[in-house]
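To keep things clear, I will list the structure first and then write my remarks on it.
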Amino acid sequence: MDIIKNIQQAAAEGVTALFGQAVQPQDIALTPTRKEFAGDYTIVVFPFTKFVKKSPDAIGQELGEYLKTHLPAVADFNVVKGFLNIVLSDTVWSGFLEEHFAQADYGRHASNGEKVMVEYCSPNTNKPLHLGHVRNILLGESTARILEAAGYDVVRVQIINDRGIAICKSMLAWQKFSGGATPESTGIKSDHFVGDYYVEFEKRFREEYAEWQQGETAGSVYEAQKKEGQSPEQFFKDYKDKYFNEHSALGREASEMLRSWESGDPETVALWKKMNGWVYAGFEETLAAIGASFDKYYYESETYLLGKGMVEKGLAEGVFHKKDDGSVWVNLEDVGMDQKVLLRRDGTSVYITQDLGTARLRYDDFGISRMAYVVADEQNYHFQALFEVLKKLQEPYSGGLYHLAYGMVNLPSGRMKSREGTVVDADDLMAEVIAEARAGSQERGALADLSPEEQESIVRRIGLAALKFHIIKVTPRKSMVFDPTESVDLQGQTGPYIQNAYVRIRSVLRKAEEDGMGGSASQEYAVLQEQEKELIRSLYEFPDLVARAAAEYDPSHIAGYAYNLAKAFHKFYHDHSILRAESEAAKAFRLKLSRMVAQVLQTAMGMIGIEMPEKM
RNA sequence: GGUCCCGUAGCUCAGUUGGAUAGAGCAUCUGCCUUCUAAGCAGACGGUCACAGGUUCGAGUCCUGUCGGGAUCACCA
């Protein structure tokens, strides 16, 4: 039974029968009726005035009559200013509830046999995860879960940037300054431990640079290369990278280490493995705390040479071209872009070459038909180019590529800057929201008779719900302002607000079970309250919403839906008693309704990685 | 400068793909717990949907331009 489709179908037939014009059911504009009018769904009749020489009101009347006589579900209708409001029979809604209230997987779609990959997280290994990664991970994990709910077979992967100058800086600093300290000997979480040495390197480097600026070499470099009217401060700020490459002792050592790694020097590789191992152990802890897990990790140290074969193939097919200096290019001007280099003149790969190879590798590994990359929007251009190149190569999965671009996470004070120490650490952030939830919980005292372990488990769920919901409710595409004090709010439009609706229902259901609840009496409940209908209407729309969130790769739709459903339930709960309903029939009906609301809230929140507590 | 994204209440965000009088939360103020969990409910206050044109029965939504903010335009990743 699909209520909306039935109405559209009947309305389309009605238009044909009454006005002699063929229209497609999906072209019937059907929207939920606004609260101030009577009805469940509204058909906008204005479009029909194009081919019917009657007033919108007259058309509405005729079509309303038609629907009322031809569709049993339609109990009544009214026409207001060209809007045909359709009132459905209460049995439509009570029938729907009876059919679905016990369906545990309601809202989840049957398998569609398609395999899709979601790439997310994808950190560098020189520093711990921060707020930006948190948005990425939450979006990626939610998207993966939503796609699963929509019937896809999902493969979660990340590509870890485990090589390059950054990790060499950490390695060098550790080698020079640690005195053999380890995460174990210091008691510092292992990814933070490695990050600390990266910071140490930067600190020492700045000191070295500042000292150098006082010397003769610096003076002559400044005089020779300064731009007109440029102060020494400004000049040396811009000169930093050049200093690193051309003058710095630390810079030379770090570059040396990178070369040594690239040539496979056993000692360097061993050190690299040791420090990356620390980082991975720390990441795993953080990812486990957030609730994300992966099917496969790809490492840039293993993929950065890939893709050359595909470039050769493209060359052979004439899709790419080689310049006189030996570099290989693709011309993307036909799709409004530039020329992009694919192989350097020395034959080595660039970033995009590696991504071409990695895409192919993944296809070979998993046979996926679609791939979603969760990567910040600063890489929009890169992914546009990557996808176009894969299309030119006619890769079998190239029609199913999607860049889930998300905006920057800013603080109320502005952009996060590591130099100013304003980067919000992922572990700290989680600890903070959980502490806030703990404080709130102790104040309320509702968990006092549970064991400390149970209390802690609940408090974690509440804190993480606040954090996750706060981030996921924002449309991915938009950049967002993250206010730490708001993220720990437990009231209003928040994760805990939704958990609370669930907890209230569970509490009622527990009591009902003690009393022994009457099941079949609900069938006799004939006249529904407006708020009951609203809840069921909302439940009815859930599967479509899941499909839409999957199609648009947008978890914020699920967050918004869960909030609206919880809000509707809170109001219903406030206005109507469940266990002390007017009749046995009403009580049984409301128990079923509440049960299904709880079920759907749990399913929806599960899709965005939020677990529900039984009590709070 | 070229391209892309964003601009909605004091703040943080929705707005079902063009439908009715633009909605929530936070903040401020006011009510509601001897009654199923008050992390709740109700009310008040708060808007030139950045601006100007256009398309049409109808525009926050589509088109053009302007202003403001961000990103990006490497043989870096």
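What you are looking at is a predicted structure, and each value in this text was computed from that prediction instead of being measured. In what follows, every chain begins at residue 1, and chains take the letters A, B, ... in the order their sequences are listed. These values consider heavy atoms only, across backbone and side chains, with no hydrogens, waters or symmetry-generated copies.
- Side-chain N/O atoms of K340(A) include none lying less than 4.0 angstrom from OP1 or OP2 on A74(B).
- Using a 4.0 Å heavy-atom criterion, one finds that N85(A) contacts the bases of the nucleic acid, with or without backbone contacts as well.
- S327(A) comes within 4.0 angstrom of a nucleotide base, judged by non-hydrogen atoms across all strands.
- No donor-acceptor contact under 3.5 Å links the side chain of D489(A) to the base of A27(B).
- At the heavy-atom level, Y381(A) lies under 4.0 Å from the strands shown only through sugar-phosphate atoms.
- One finds no side-chain N or O of R590(A) lying less than 4.0 angstrom from the OP1 or OP2 phosphate oxygen of C36(B).
- Across the P atoms, G1(B) and G19(B) are found 36 Å apart, a figure rounded to whole Å.
- Taking side-chain N and O atoms only, S556(A) has no distance below 4.0 Å to OP1 or OP2 of A14(B).
- One can find a donor-acceptor pair under 3.5 Å joining the base of C75(B) and the side-chain atoms of D325(A).
- Using atom C1' as the reference point in both G70(B) and G53(B), the two lie 26 Å apart (nearest Å).
- Using a 4.0 Å heavy-atom cutoff across all strands shown, P56(A) reaches no nucleic acid atom at all.
- A donor N or O paired with an acceptor N or O is found under 3.5 Å between the base of A20(B) and the side-chain atoms of T42(A).
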Steps toward side chain to side chain contact (heavy atoms under 4.5 Å, CB included) verdict (F83(A), R34(A)): CA-CA 11 Å; F83(A) 294 90; R34(A) 291 179 68 98; over 6 Å; no

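- Counting any heavy atom pair closer than 4.0 Å across all strands shown, Q499(A) reaches no nucleic acid atom.
- Residue H576(A) is classed as a base contact, given a heavy-atom separation below 4.0 Å to a base.
- Within the nucleic acid shown, M480(A) comes within 4.0 Å of sugar-phosphate atoms alone, with no base atom in reach, counting heavy atoms only.
- Using a 4.0 Å heavy-atom cutoff across all strands shown, V474(A) reaches sugar-phosphate atoms only and no base atom.
- Counting any heavy atom pair closer than 4.0 Å across all strands shown, E552(A) reaches a base atom.
- Separating the CZ atom of R34(A) from the C1' atom of G19(B) is a distance of 9 Å, rounded to the nearest angstrom.
- Taking the P atom of each, A27(B) and G23(B) are spaced 22 Å apart, rounded to whole Å.
- Distances were taken from every side-chain heavy atom of R345(A) (C-beta onward) to each of C75(B), A71(B), G19(B); the shortest belongs to C75(B).
- Taking atom C1' on both nucleotides, U61(B) is separated from C29(B) by 35 Å, rounded to a whole Å.
- In this structure, N161(A) reaches the sugar-phosphate backbone alone: every heavy-atom distance under 4.0 Å involves primed, P, OP1 or OP2 atoms, never a base.
- For the residue pair D325(A) / S327(A), a side-chain donor-acceptor distance below 3.5 Å is found, with atom types taken as modelled.
- K478(A) has a side-chain polar atom (N or O) that falls below the 4.0 Å cut-off from OP1 or OP2 of G7(B).
- Rounded to whole Å, the separation between the P atoms of G40(B) and G25(B) comes to 10 Å.
- The aromatic rings of Y553(A) and Y402(A) sit parallel, their planes meeting at an angle under 30°, below the 60° perpendicular limit.
- To the nearest whole angstrom, the two C1' atoms, one in U56(B) and one in C13(B), are 31 Å apart.
- With a 3.5 Å limit on both pairing distances and Watson-Crick or G-U wobble geometry required, the stems of 3 or more pairs in RNA chain B span B:1-7 with B:67-73, B:10-13 with B:23-26, B:28-32 with B:40-44, B:50-54 with B:62-66.
- Closest to the side chain of L579(A), from the set C41(B), C36(B), U35(B), is C36(B).
- Spacing between U64(B) and G18(B) at atom P, rounded to whole Å, works out to 15 Å.
- Looking at heavy-atom distances under 4.0 Å, Q339(A) makes no contact with the nucleic acid at all.
- Only the P atoms considered, U12(B) is 15 Å distant from A50(B), to the nearest whole Å.
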